[in-house]
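The figures that follow rest on heavy atoms only: side chains count, while hydrogens, waters and symmetry mates do not. Everything numeric here is computed off the predicted structure, so don't read it as measured data.
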Amino acid sequence: MATYSSRNRESPNILLTGTPGTGKTTLGQELALRLDMQYVNVGDVAKEKELYEGWDEDYQCPVLDEDRVIDEMEEIVNNGGCIIDYHSCEFFPERWFDIIFVLRTDNSILYNRLQQRLFIERYRTWVYQ
């Protein structure tokens, strides 16, 4: 990817992408701390600002309004120094990022991580009802 976009920013932007459970959040938060950068989880931004355009019945989850996400994040990303965490990357403007890392992990490790998440989420739902 071209690095021309970094000329307009004081520090680079990094995108961490990959399947849920590969370690994007853990890595992103640690990098942000060590590099003094801003960590941005796109899912958290969407949830906080309610950047959805509907509900997906098949997957039982909200559908992200990608245009509104771009609008919401544009100013933050233009300043540079961001580590963006999201499981997909195709709707982001290429000019936003100086480097993109696609995280992967062994399927058996991934399965165990996602099973643990499912258990934790079910427990939270049960406790707070």
Side-chain angles (χ1 to χ4, degrees):
M1 172 175 265
T3 58
Y4 66 88
S5 60
S6 63
R7 293 183 197 152
N8 300 328
R9 295 190 291 262
E10 290 184 27
S11 58
N13 288 321
I14 299 169
L15 174 63
L16 301 178
T17 188
T19 303
T22 56
K24 297 179 300 296
T25 301
T26 301
L27 178 62
Q29 290 173 341
E30 184 67 25
L31 284 173
L33 182 66
R34 290 181 185 222
L35 300 174
D36 193 28
M37 296 176 76
Q38 180 179 359
Y39 172 76
V40 180
N41 182 305
V42 175
D44 291 345
V45 171
K47 187 175 184 178
E48 179 184 318
K49 305 285 185 173
E50 297 183 9
L51 304 176
Y52 304 116
E53 62 182 10
W55 182 260
D56 186 312
E57 289 296 329
D58 292 335
Y59 291 103
Q60 292 295 298
C61 67
V63 176
L64 194 66
D65 186 330
E66 296 171 353
D67 292 332
R68 289 178 58 208
V69 169
I70 297 297
D71 291 343
E72 185 67 35
M73 294 179 58
E74 185 85 39
E75 188 174 329
I76 297 167
V77 174
N78 283 342
N79 293 329
C82 294
I83 298 175
I84 308 297
D85 168 350
Y86 194 59
H87 65 268
S88 180
C89 63
E90 69 271 355
F91 74 91
F92 295 117
E94 286 184 31
R95 69 181 183 279
W96 277 13
F97 303 106
D98 300 287
I99 192 162
I100 297 171
F101 293 98
V102 180
L103 303 186
R104 303 174 357 165
T105 191
D106 181 83
N107 283 344
S108 61
I109 294 170
L110 186 61
Y111 179 83
N112 291 335
R113 287 179 185 171
L114 295 177
Q115 283 294 102
Q116 181 66 24
R117 276 191 193 177
L118 181 61
F119 171 78
I120 291 169
E121 197 57 41
R122 286 182 180 165
Y123 179 77
R124 282 186 194 149
T125 301
W126 177 75
V127 167
Y128 293 112
Q129 282 185 349

Can you confirm whether [X] sits close enough to [Y] that some side-chain heavy atom of one is under 4.5 Å from a side-chain heavy atom of the other?
X: Phe101; Y: Ile14; value: yes
X: Leu51; Y: Glu66; value: no
X: Pro20; Y: Arg117; value: yes
X: Ile99; Y: Pro12; value: no
X: Ile83; Y: Leu16; value: yes
X: Ile70; Y: Trp96; value: yes
X: Asn13; Y: Ile84; value: no

Residues 102-110, side-chain donor-acceptor partners within the protein, below 3.5 Å, at least two apart:
unit_1: Asp106; atom_1: OD2; unit_2: Ser108; atom_2: N; d: 3.0
unit_1: Asp106; atom_1: OD2; unit_2: Ser108; atom_2: OG; d: 2.3

Between side-chain atoms of residues 32-39 and protein atoms elsewhere (two or more places apart, or another chain), which donor-acceptor pairs fall under 3.5 Å?
unit_1: Arg34; atom_1: NE; unit_2: Glu30; atom_2: OE2; d: 2.5
unit_1: Arg34; atom_1: NH2; unit_2: Glu30; atom_2: OE2; d: 3.2
unit_1: Tyr39; atom_1: OH; unit_2: Thr25; atom_2: OG1; d: 3.4
unit_1: Tyr39; atom_1: OH; unit_2: Asn41; atom_2: ND2; d: 3.3
unit_1: Tyr39; atom_1: OH; unit_2: Asp85; atom_2: OD2; d: 2.4

Which residues pass the side chain to side chain contact (heavy atoms under 4.5 Å, CB included) test with [X], not counting sequence neighbours?
X: Asp56; result: Asp58, Tyr59, Cys61, Val63
X: Asp65; result: Glu53, Asp67, Arg68
X: Glu57; result: Trp55, Gln60

Open item on the list: Donor-acceptor check, side chain of Asn79 to backbone of Glu75, threshold 3.5 angstrom: yes or no?
Closed with: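 Present.
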
- [ ] To the nearest 0.5 angstrom, please state how far the OG1 atom of Thr19 sits from the NE2 atom of His87.
- [x] 9.5 Å

Open item on the list: I need the Leu15 CG to Lys24 NZ distance, nearest 0.5 Å.
Closed with: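 Here the rounded value is 10.0 Å.
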
TODO: Under the side-chain hydrogen bond (donor to acceptor under 3.5 Å, both in side chains) rule, collect the residues that match up with Asn78, sequence neighbours excluded.
DONE: Glu74

Open item on the list: Please enumerate all residues that pass side-chain hydrogen bond (donor to acceptor under 3.5 Å, both in side chains) together with Glu90, with sequence neighbours excluded.
Closed with: Ser88

Task: Heavy-atom pair of closest approach, residues Val77 and Arg9 - done: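 What the structure gives for the nearest pair is O-CD, 3.6 Å.
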
Task: Residue list, ring pair (Phe, Tyr, Trp, His ring centres under 6.0 Å) with Phe91, at least two apart or on another chain - done: Tyr86

Open item on the list: Restricting to salt bridge (charged side-chain N to carboxylate O under 4.0 Å, His left out), what partner residues turn up for Glu72, sequence neighbours left out?
Closed with: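 Salt bridge (charged side-chain N to carboxylate O under 4.0 Å, His left out) list for Glu72, sorted by chain: Lys49.
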
